[in-house]
Number of protein chains: 2
Amino acid sequence: MNSFFNTPEEPMKTEHTMNSCTLNIAVENSFQSLSDEEMLLLENNLVVVNYKKGEILCKQGTLASHIMYICSGLVKIYMEKEGGSLILKVLPAGNLIGLTALLDNNNVFRYSAYAYQDCKVRLIDIRIFKQLLRQNIEFASQVINLLCENQIQTQTRFFAFTQKQSFGRMADTLMCLSNNIFKMDEFELPLSRKELAELTGLTPESVIRILSKFKSDKVIGIEGKIFTILDKEKLQQISEYG
Amino acid sequence: MNSFFNTPEEPMKTEHTMNSCTLNIAVENSFQSLSDEEMLLLENNLVVVNYKKGEILCKQGTLASHIMYICSGLVKIYMEKEGGSLILKVLPAGNLIGLTALLDNNNVFRYSAYAYQDCKVRLIDIRIFKQLLRQNIEFASQVINLLCENQIQTQTRFFAFTQKQSFGRMADTLMCLSNNIFKMDEFELPLSRKELAELTGLTPESVIRILSKFKSDKVIGIEGKIFTILDKEKLQQISEYG
DNA sequence: TGATGAACATGATACAGATCAATAAATATT
DNA sequence: AATATTTATTGATCTGTATCATGTTCATCA
């Protein structure tokens, strides 16, 4: 059948305009555009720090003196206020934290970051980062790319949030964790129910109820902290329903 | 009283981390960094188009061949899917549309844009825009700034959405329209109740009920399409409550 | 001018998800 | 190992907001 002439009843495959996945593009490429000289400058103005599980990498509202690169570990990026917090994204190794602090005259972290697992992080002096942006157009170009990606991801997730309800959001989140973060159908999730709640915009109780339902429906398996995606099709379906 | 030693009961004034305002920074500045020569290049590869009220400036999913600059008028940026849409922002003159389409290898509009009023728009060829990014580091720097601003704005609005409920969202939205879009306490709003609903993530019925309440409480005045902010304090309070 | 459809308004009802309360299980602390 | 504290779970209830139904006003157009 000629896909150019699909009837309205058989719509063309649509893109994922409504999932909340943390895009996980290879950031390494951004740095590949640096010359040896520039790379040296970077290395010389860089501190490697190990954060233990449970430690705070940066705190919303504080001055951002560094851009952070996650070498290893798993980090949550979240906004907080008395009353509640929202997890903006969960970032595995290979991602940058704090790009929005590049903003002139207001380089403050707009969110906090927390280590789910032990993390190795490179702290890049923000002045050096800015200098590199100014002297290497290719690098600047890559950073623009990253910022665009981030923007699209946030908007798409925001949209998904307003359109889906609890089961859809939970399914979406599980798909995302499996596909983009852990890249496995079975994974050990270092997030508490409370944190899953902050990630889905629900209460811990609701999260528990939904997970129980998924489990009894054999869509997922849960053994302690080990999650297993049993029925991807079904999960995708639930994620899309609304 | 020394504000450095506030007791927990008297917290320091916090920043607006929870309003959903469309930041309205002066985009014109971005172009000021262009040389005469570059400006000429821009002018020569630029089409000025007039859109009538109600027309679509760009459609989500279509190839973005241009970055758009709003010379005059009022535009809504929104994401849509069967089932519903979400207004991401309302942009007055002086703003750019389509920056996220700068993304390499995927320069597609991730949202649609619609003219609330007659608009004059400059369509800037995206290849020229990219070329200018590559040859003028100051310009690239300004664009990075814009992208950061956008990102922060979206995240903050997203956060506000998850934390506030109907009355707070409505109050927030009205404050924002008054302060950032129209810059007046009294303004003519070219949005229907349905569109206010898409802007606040509510149903039209809820919007109506809330507006009626605000009106009967003398927080705002409504005469046809003319809105008047009567009690800014109160509105701010409602916006912040949660 | 009256007719037709959209936007606005209001009331009644339904329901998803929050809140509250009360264990149970797991983890941390001594 | 014993105790304290956090996290997970389950059930009962409450509530904010959507949904549905119906009517009214307003704008558009034959």
Side-chain angles (χ1 to χ4, degrees), chain A residues 52-55 76 82-87 114 116-117 160-174 188-217 220-227 238-239 241-242, chain B residues 52-54 76 83-87 114 116-117 160-174 188-217 220-227 238-239 241-242:
Chain A
K52 290 227 191 68
K53 180 182 161 173
E55 288 181 342
K76 76 163 168 179
E82 349 73 68
S85 43
L86 169 73
I87 299 179
Y114 167 99
Y116 278 135
Q117 305 167 343
F161 250 63
T162 63
Q163 304 293 317
K164 289 183 212 280
Q165 44 199 20
S166 63
F167 281 73
R169 299 225 284 254
M170 194 71 235
D172 181 7
T173 300
L174 290 172
E188 185 180 341
L189 190 69
L191 313 214
S192 68
R193 301 294 185 254
K194 179 158 174 290
E195 260 153 341
L196 276 174
E198 287 171 6
L199 197 52
T200 50
L202 302 168
T203 56
E205 291 95 325
S206 294
V207 167
I208 286 162
R209 274 181 252 271
I210 295 167
L211 288 179
S212 303
K213 185 69 177 17
F214 283 176
K215 192 177 177 186
S216 72
D217 288 355
I220 63 170
I222 312 177
E223 271 334 307
K225 296 219 158 295
I226 309 293
F227 282 64
I238 297 169
S239 161
Y241 108 92
Chain B
K52 289 228 190 70
K53 180 182 163 174
K76 76 164 167 180
S85 42
L86 170 72
I87 298 179
Y114 168 100
Y116 277 136
Q117 305 168 342
F161 250 63
T162 63
Q163 304 293 318
K164 290 182 212 280
Q165 45 197 23
S166 63
F167 281 74
R169 299 225 285 254
M170 194 71 235
D172 182 5
T173 301
L174 289 173
E188 184 179 343
L189 191 69
L191 313 217
S192 68
R193 302 293 186 255
K194 179 158 174 293
E195 259 152 343
L196 277 173
E198 286 171 9
L199 196 53
T200 50
L202 302 168
T203 55
E205 292 95 324
S206 293
V207 167
I208 287 163
R209 274 182 254 271
I210 294 167
L211 288 179
S212 303
K213 186 70 178 15
F214 283 176
K215 192 178 176 184
S216 72
D217 288 354
I220 62 169
I222 312 177
E223 272 332 309
K225 297 221 155 295
I226 309 293
F227 282 63
I238 297 169
S239 160
Y241 107 93

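In the text below, chain A, chain B and the rest are named by the order of the sequence lines, each starting its count at 1.
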Practice task
Apply side chain to side chain donor-acceptor pair (under 3.5 Å) to B/Ser206 and list each qualifying residue two or more places apart in sequence or on a separate chain.
Solution key: B/Thr203
Handout entry: Phosphate OP1/OP2 of C/dT10: any B/Ser212 side-chain N/O under 4.0 Å
Key = yes
Handout entry: Gap between atoms CD1 and C1', on B/Ile208 and C/dA12 respectively (whole Å)
Key = 16 Å
Practice task
Go through the structure and list residues passing side chain to side chain donor-acceptor pair (under 3.5 Å) with B/Ser85, not counting sequence neighbours.
Solution key: B/Glu198
Only pairs under 3.5 Å count here: list side-chain donor-acceptor contacts from residues 207-214 of chain B, not counting sequence neighbours, and write none if there are none.
residue, atom, partner, partner atom, Å
B/Ser212, OG, B/Ile208, O, 2.8
B/Lys213, NZ, B/Asp217, OD2, 2.9

Exercise for the section: State, to 0.1 Å, how close B/Ile87 and B/Glu195 come at their nearest heavy-atom pair, and which atoms those are. Expected result: CD1-O, 3.4 Å
Practice task
Provide, to the nearest angstrom, the distance between the CE atom belonging to B/Met170 and the P atom belonging to D/dT17.
Solution key: 13 Å
Practice task
Please list, chain by chain and in numerical order, all residues satisfying side-chain contact (heavy atoms from CB on, under 4.5 Å) with B/Pro204, sequence neighbours excluded.
Solution key: B/Lys194, B/Ala197
Exercise for the section: Could you state the atom-to-atom distance from CG of A/Leu189 to C1' of D/dA8 in whole Å? Expected result: 14 Å
Completion exercise
Protein heavy-atom contacts under 4.0 Å, written 5' to 3' over nucleotides 22-30 of chain C as B (base), S (sugar-phosphate only) or - (none), form the string ---------
Handout entry: Enclosure of B/Lys53 NZ (heavy-atom neighbours >12, cutoff 6.0 Å)
Key = no
Practice task
Scan nucleotides 13-19 of chain C nucleotide by nucleotide, 5' to 3', and note B when protein non-hydrogen atoms come under 4.0 Å of the base, S if they reach only the sugar-phosphate, - if neither.
Solution key: ----SSB
Handout entry: Donor-acceptor pair, side chain of B/Lys76 and main chain of B/Tyr116, under 3.5 angstrom
Key = no
Exercise for the section: Could you tell me whether the side chain of B/Asp172 reaches within less than 4.5 Å of the side chain of B/Leu174, counting heavy atoms only? Expected result: no
